[in-house]
> 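Mind looking over this structure? Questions follow.
All chains are named by letter (A, B, ...) in the order of the sequence lines, taking the proteins before the strands, and each is independently numbered beginning at 1.
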Amino acid sequence: MQPRKERSELLAIRGLTKGFPGVLALDHVDFTLQAGEIHGLLGENGAGKSTLIKVLTGVFKRDAGTVSLDGHQIAARDPADALSLGIGTVYQEVNLLPNLSVAENLFIGRQPHRFGLVRTGEMRRRASELLAGYGLSIDVANPLGSYSVAVQQIVAIARAVDLSAKVLILDEPTASLDAREVETLFGILRVLKSRGIGIVFVTHFLDQVYAVCDRITVLRNGRLVGSRPIVELPRIELVSMMLGRELAEEALHRNQRPAVNGEPLVAFKNYGKRRYLEPFDLSIRAGEVVGLAGLLGSGRTETAKLVFGAERAETGQAFVDGKPVRIASPRDGARLRFGFTPEERKTEGIVAELSVRENIILALQAQRGWLHKIPKSKQDEIANRFVKLLDIRTPDVEKPIGLLSGGNQQKALLARWLATEPRFLILDEPTRGIDVGAHAEIIRLIERLCEDGLALLVVSSELDEIASYSDRVVVLRDRRHVRELSGPEVNPDTIMTTIASH
Amino acid sequence: MIRRHLPVLITLAVFIVGYLICLAQFPSFASTRVVGNLLTDNAFLGIAAVGMTFVILSGGIDLSVGSVIAFTGVFLAVAIEQYGVNPYLAFILVLGIAATFGAGMGFLIHTFQIPAFIVTLAGMFLARGLCFVLTTDSIPINAPVYGEIGGIALALPGGGRLTFIAIVMLVTVAAGIVLTHFTRFGTNVYALGGNKTSAELMGIPVGSTTIQIYMLSSSLAALAGIVFSFYTSAGYSLAATGVELDTIAAVVIGGTLLTGGYGTIVGTLVGVLIQGLIQTYITFEGTLSSWWTKIAIGALLFAFIVLQRGLSAASLRSR
């Protein structure tokens with residue numbers, strides 16, 4: 001059942017490089033797409049998938065490298081230009097117009113018309129015909145927004161293909177679809193594939209990759225890890241390609257701490273939220289580090305946000321010191337002396353324009369209420385103490401935090417919560433985007449906090465790292481806590497096998 | 001289908017209920033004379049509101065409307081009375097000036113990505129200032145053309161008259177309906193209001209559409225100004241102050257979402273008529289101060305905005 005006898009290179013990317021201030025998002029990446037193939041593009045956050053797509057569709061300008069389509073070099077100026085060249089993109093958040101009718105969305109800018117007036121009947125007839133080819137029979141006169149995301153996505157695909165797309169890029173198209181809708185979508189992809197269209201499929205659902213892809217390319221930290229036919233790539237190998245092992249050896253000697261006993265400091269029973277995270281049980285003692293491991297989209301960050309109150313749980317009960325508590329907002333979390341450093345450091349963590357001092361005292365000030373301003377001298381004292389304690393490298397505490405390196409920003413964020421003397425700290429990807437030296441320091445810091453008797457919940461996609469400091473590791477898959485590893489099971493290989501198993 | 005047209009249907013229901021209340025109290029509301037006057041008295045507002053509907057549908061706002069109406073009146077009065085320009089030529093001239101003025105505002109809004117609020121606020125001051133440059137007096141227009149055109153009217157059964165300016169307003173509304181629903185330009189206007197980024201990604205000419213929208217709004221404001229000059233037979237620098245706000249109110253009461261993307265011209269017409277109805281009621285009532293019109297409009301506007309929030313929240317939930 002392999003009809004692709006003659007291999008025709010549809011899209012060839014060679015040596016593509018794109019840098020942003022301080023980070024090389026794409027580093028000489030090669031990518032080849034055949035006509036009539038579904039090609040999975042995989043990688044964790046920050047691997048360079050979105051950058052690759054954005055360069056391809058003309059959102060970003062590339063620094064170096066070539067892109068050729070059907071043997072001709074191309075350089076799209078913008079997404080509309082890319083579409084006219086034959087590269088159509090469908091995003092998770094459908095980029096169509098929900099207030100216009102389905103038919104208008106399909107034909108806007110090329111409506112059939114006579115004497116300057118749009119022939120609405122003709123347009124609707126053609127739209128119905130077009131969608132019938134995708135097995136969709138809906139009233140095309142209704143606004144697009146009145147239909148489900150799945151239908152909107154099919155409309156977006158139909159539009160892109162109808163506008164003569166040779167290459168169809170699907171960026172996380174299945175993230176908000178249910179199982180039946182995913183199957184419908186895959187049916188459509190297979191039909192398009194048989195018509196010779198090349199499809200790039202970006203996703204983080206491994207099951208879906210194996211269900212529909214012919215070939216897989218994995219990126220990590222802006223570099224190409226490899227590109228292989230799916231039949232030659234077992235699951236466990238794919239996961240190891242995605243996660244990798246980046247950490248220097250010396251950072252990894254595992255502290256043999258005695259097992260922590262006693263009552264849990266925080267506990268969550270049957271805690272969950274519909275369509276966000278399956279209910280889970282979790283308890284953490286003082287002086288204990290629990291790691292959350294899993295692939296992107298498995299529910300790691302979701303767990304962290306639920307536990308802190310950044311998302312409100314719909315089921316279950318939380319306990320602190322054995323007593324039931326309500327955590328409905330970050331304010332509740334902070335009041336219970338929880339701390340949270342988010343994954344999106346730049347957008348959800350630091351306030352870039354404010355100084356290091358202001359960033360550090362932010363949580364403490366919020367806790368005391370804005371009417372009780374912390375005196376300037378006290379602020380200076382706190383800021384300077386943490387700068388010294390955590391070795392935050394900044395000329396002085398008045399420097400805007402946005403000018404510091406990633407590692408120092410992360411330490412300042414830690415300081416922000418440490419200043420509130422928390423009992424329970426939640427760290428989401430504390431070492432992402434940090435250079436190797438600072439990486440090891442953050443890990444040391446986590447271990448030290450743990451020795452000081454804090455309870456810690458740490459999310460990380462670096463398996464070696466998470467295995468090095470965690471007492472227990474919870475493995476997540478498809479927004480579910482699937483297994484809790486403890487004792488000797490806490491090692492990179494077991495974690496990886498658990499993630500990859502299904 | 002029903003939900004889609006709910007805002008307009010509610011507006012229509014408000015108008016009908018309001019009309020019935022007026023009718024119950026003053027039976028003469030049933031006469032074609034009152035209906036004819038309702039259309040004539042609000043002709044200029046209706047024309048300007050059609051232009052405003054396009055602007056708001058696209059997610060923008062045009063605050064210069066009232067000033068452009070005043071400028072048109074002053075320009076016509078000065079040109080016709082002081083310089084002896086042929087009135088028809090003067091009409092064409094002022095429409096051209098207004099179109100250029102609107103295109104300029106649209107150009108600034110698009111090219112420099114300045115909020116429409118600021119650009120048209122500047123346009124408002126500019127047009128009003130230009131009135132005073134031309135003249136500070138109220139100049140009556142006595143040209144015979146004005147008398148002739150003012151005399152044109154369709155006799156309605158029952159003694160009412162459908163005046164020329166009311167006809168102009170109804171034709172403008174009809175043209176607006178065709179333009180919104182049966183042309184590519186109309187679809188593009190809705191697209192801009194729906195999501196400008198998506199519209200751009202889908203290859204819609206955002207720049208030229210923006211310029212055309214503000215050109216249309218200013219041109220219709222000038223047309224409203226011409227109609228207003230027929231109505232008052234004069235040009236005065238301080239005329240039509242705050243009319244832009246009346247038109248915005250009419251558009252919103254007519255069911256157009258202030259954030260753009262949803263709405264109809266028909267709704268706007270009903271919105272204008274509701275304002276006119278309240279005004280007429282207060283005239284009939286005789287004891288109320290005319291400021292009660294503003295209070296009633298304010299209350300209605302508030303109710304409609306809350307209603308729209310509720311409807312859009314409900315439609316989000318039902319998804």
> I'd like to know whether CZ of A:Arg77 has more than 12 heavy-atom contacts from other residues, nucleotides or ligands below 6.0 angstrom.
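For A:Arg77, atom CZ is not crowded (no more than 12 foreign heavy atoms under 6.0 Å).
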> Could you measure the distance from the CG atom of A:Leu83 to the CG atom of B:Leu201? Nearest 0.5 Å is fine.
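The CG atom of A:Leu83 sits 10.0 Å away from the CG atom of B:Leu201.
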> Can you give me the closest heavy-atom contact between A:Gly109 and B:Arg184, atom names plus distance?
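Heavy-atom minimum between the residues: O-NH1, 3.4 Å.
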> Check each atom of A:Arg159 against the heavy atoms of chain B and say whether the ones under 4.5 Å are side chain, backbone, both or neither.
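Just its side chain gets close to chain B.
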> Could you tell me whether B:Phe164 atom CZ has more than 12 heavy atoms of other residues or ligands within 6.0 Å of it?
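For B:Phe164, atom CZ is not crowded (no more than 12 foreign heavy atoms under 6.0 Å).
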> Test A:Ile108 against B:Asn188 for side-chain contact (heavy atoms from CB on, under 4.5 Å), laying out the working first.
CA-CA 8 Å; A:Ile108 194 165; B:Asn188 291 350; 3.9 Å; yes
> In Å and rounded to the nearest 0.5 Å, what is the CG to OG distance from A:Asn95 to B:Ser198?
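So the CG of A:Asn95 and the OG of B:Ser198 are separated by 4.0 Å.
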> Tell me whether A:Arg125 at atom CZ has more than 12 heavy atoms from other residues, nucleotides or ligands lying less than 6.0 Å away.
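More than 12 heavy atoms, drawn from other residues, nucleotides or ligands, come within 6.0 Å of this atom.
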> What pair of heavy atoms forms the shortest contact from A:Ala80 to B:Gly203, and how long is it?
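Minimum heavy-atom contact is CB-CA, 4.2 Å.
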> Can you tell me which portion of A:Asn105 sits under 4.5 Å from chain B's heavy atoms? Options are side chain, backbone, both or neither.
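Looking at A:Asn105, backbone and side chain both touch chain B.
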> When you measure from the side chain of A:Asn99 to the backbone N and O of B:Gly261, does any donor-acceptor pair fall under 3.5 Å?
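Yes, because the side chain of A:Asn99 sits within donor-acceptor range (under 3.5 Å) of the backbone of B:Gly261.
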> Atom CZ of residue position B:Phe107 - does it have more than 12 heavy atoms of other residues, nucleotides or ligands inside 6.0 Å?
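No, not enclosed.
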> When rounded to the nearest 0.5 angstrom, what is the spacing between CE in B:Met202 and CG in A:Leu106?
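Here the rounded value is 8.0 Å.
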> Among A:Thr57, A:Leu96, A:Val149, which has the most heavy-atom pairs under 4.5 Å with chain B?
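Most pairs with chain B among the choices: A:Leu96.
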> Just how far is it from atom CZ of B:Phe182 to atom NE2 of A:His113, taken to the nearest 0.5 Å?
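Answer for the CZ-NE2 pair, B:Phe182 versus A:His113, is 16.0 Å.
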> Given a strict heavy-atom distance threshold of 4.5 Å, which part of A:Leu100 is in contact with chain B: side chain, backbone, both, or neither?
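Answer is side chain: those atoms of A:Leu100 sit under 4.5 Å from chain B.
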> Using non-hydrogen atoms and a 4.5 Å limit, figure out which bit of A:Gln111 sits close to chain B: side chain, backbone, both or neither.
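Contact with chain B involves both backbone and side-chain atoms of A:Gln111.
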